[in-house]
Amino acid sequence: MSRVTVQTIDSAPEESRVELKALEQKFGKVLNIHGAMASSPVVLQSYVALQQVIGDYGTFDARTREAIALAVGNVDECTYCQSAHTMGAKAAGLTEEQTVAVRNGRVDFDDKLAALLQVAREATASKGNVADGTWQSALDAGWTTEELTELSTHVALNLFTNYFNHMVETDLDIPAAPGL
């Protein structure tokens, strides 16, 4: 059971309502993660701001963003995020089998994506540290320094949501990701 009350549009603090309403429209309902975040306007506003910056300035397509989220969520063992991003990844063009492969770290269907996800996985597992060889492999696969630098924001956003879900024990209100 979640440690915080999942807010509705009406019960959320005033400073969370506009963003919560927009998220409800985007997803068709107030997801438990968003309703729990709405308990603290600083949490919801931070999440929305990072999403907005990525949307405005990010270079990765939806498929790549979702794959990053799946990789980080798997390393960080976030059930909620792995489930949410399995749905998002499928909507962005990955098959369910590919979502499982991404989570397992065995991306044999796209070598360039595999190199990027290895950087994300290593950064997640090693407190942001990435071996020179892993970084160079991503460059050799065709990623630019700008893209690899941008990856830090995606990792940070996903760690933020993973840690949030761990801290408040967000109840799963979406289909569970397939088992590994």
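Heavy atoms only: backbone and side chains are in, while hydrogens, waters and symmetry mates are out. Remember, it's a predicted structure, so these values are computed and weren't measured experimentally.
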Practice item. Have a look at Glu147 and tell me which of Thr145, Thr149, Thr144 forms a side-chain hydrogen bond (donor to acceptor under 3.5 Å, both in side chains) with it. Key: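 Exactly one option meets the side-chain hydrogen bond (donor to acceptor under 3.5 Å, both in side chains) with Glu147, and it is Thr144.
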Side chains of [X] and [Y]: closer than 4.5 Å at any heavy-atom pair?
X	Y	answer
Met37	Thr161	yes
Thr86	Pro178	yes
Trp135	Glu122	no
Leu50	Val53	no
Glu97	Phe109	no
Arg63	Asp110	yes
Arg121	Asn74	yes

**Study point:** Pair Gln136-Leu139, side chain to side chain contact (heavy atoms under 4.5 Å, CB included): steps then yes or no
**Key:** CA-CA 5 Å; Gln136 188 61 51; Leu139 291 170; 3.9 Å; yes
Practice item. Say whether Tyr80 and Asp171, considering side chains only, have a donor N or O and an acceptor N or O under 3.5 Å apart. Key: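 There is no such pair (donor and acceptor under 3.5 Å, judged by atom type) between the side chains of Tyr80 and Asp171.
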Review point. Looking just at side-chain N and O atoms, do Asp140 and Ser137 make a donor-acceptor pair shorter than 3.5 Å?
Key: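 Judged by distance alone, the side chains do not pair up.
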Exercise for review: Please check if the side chain of Glu19 supplies one atom and the backbone of Tyr47 the other of a donor-acceptor pair under 3.5 Å.
Suggested key: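 Not a single qualifying donor-acceptor pair exists.
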Review point. Counting N and O atoms only, with roles assigned by atom type, does the side chain of Arg17 sit under 3.5 Å from a partner on the main chain of Ala12, one being a donor and the other an acceptor?
Key: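 Side chain of Arg17 to backbone of Ala12: a pair is present.
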Practice item. Report the C-alpha separation of Asp56 and Gln52 in whole Å, then their side-chain angles, then the decisive distance to 0.1 Å, and conclude whether the side-chain hydrogen bond (donor to acceptor under 3.5 Å, both in side chains) test is met. Key: CA-CA 6 Å; Asp56 289 349; Gln52 185 66 49; 2.8 Å; yes
Point to revise | Residue pair Asn32, Ser2: steps toward the side chain to side chain contact (heavy atoms under 4.5 Å, CB included) verdict | key: CA-CA 9 Å; Asn32 283 349; Ser2 181; over 6 Å; no
[X], [Y]: one ILVMFWY side-chain cluster at the under-4.5 Å cut-off?
X	Y	result
Val130	Leu151	yes
Val102	Ile174	no
Val18	Val42	no
Met87	Ile68	no
Leu148	Val72	yes

If you take all heavy atoms of [X] and [Y], which pair is closest and at what distance?
X	Y	value
Asn165	Cys78	ND2-SG, 3.6 Å
Ala115	Ala138	CB-CA, 3.8 Å
Lys112	Ala141	CG-O, 3.5 Å
Ser39	Pro13	O-CG, 3.8 Å
Leu20	Val30	CD1-CG1, 3.8 Å
Ala89	Thr99	CB-CG2, 3.7 Å

Got a second to check how far [X]'s [atom1] is from [Y]'s [atom2], nearest 0.5 Å?
X	Y	atom1	atom2	answer
His34	Thr170	NE2	OG1	10.0 Å
Leu157	His154	CG	NE2	8.0 Å
Thr134	Asn129	OG1	CG	11.0 Å
Cys81	Tyr163	SG	OH	12.0 Å
Leu116	Asp111	CG	CG	13.0 Å
Gln45	Ser16	CD	OG	6.5 Å

Check your understanding: When you look at Glu150 and Thr59, which way does the side-chain hydrogen bond (donor to acceptor under 3.5 Å, both in side chains) test go after all the steps?
Key -> CA-CA 8 Å; Glu150 177 186 331; Thr59 61; 2.6 Å; yes
Exercise for review: Could you go through the side chain to side chain contact (heavy atoms under 4.5 Å, CB included) check for Leu44 and Leu23 one step at a time?
Suggested key: CA-CA 10 Å; Leu44 188 61; Leu23 289 164; 3.7 Å; yes
Point to revise | Parallel, tilted or perpendicular: rings of Phe60 and Trp143 (30°, 60°) | key: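 It falls in the perpendicular class, over 60°.
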Check your understanding: Do His85 and Asn158 pass the side chain to side chain contact (heavy atoms under 4.5 Å, CB included) test, and can you show the C-alpha distance, the side-chain angles, and the key distance before you say yes or no?
Key -> CA-CA 10 Å; His85 292 290; Asn158 286 286; 3.8 Å; yes
Review point. Mind checking what makes salt bridge (Lys or Arg N to Asp or Glu O under 4.0 Å) contact with Arg3, not counting sequence neighbours?
Key: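 Once residues adjacent in sequence are excluded, the partners of Arg3 under the salt bridge (Lys or Arg N to Asp or Glu O under 4.0 Å) criterion are Glu169.
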Point to revise | Residues that Ser126 engages under side-chain hydrogen bond (donor to acceptor under 3.5 Å, both in side chains), provided they are two or more places apart | key: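 Ser126 satisfies side-chain hydrogen bond (donor to acceptor under 3.5 Å, both in side chains) with no other residue.
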Point to revise | Inter- and intrachain pairs under salt bridge (charged side-chain N to carboxylate O under 4.0 Å, His left out), touching residues 71-95, at least two apart | key: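 Non-adjacent pairs meeting salt bridge (charged side-chain N to carboxylate O under 4.0 Å, His left out): Lys90-Glu96.
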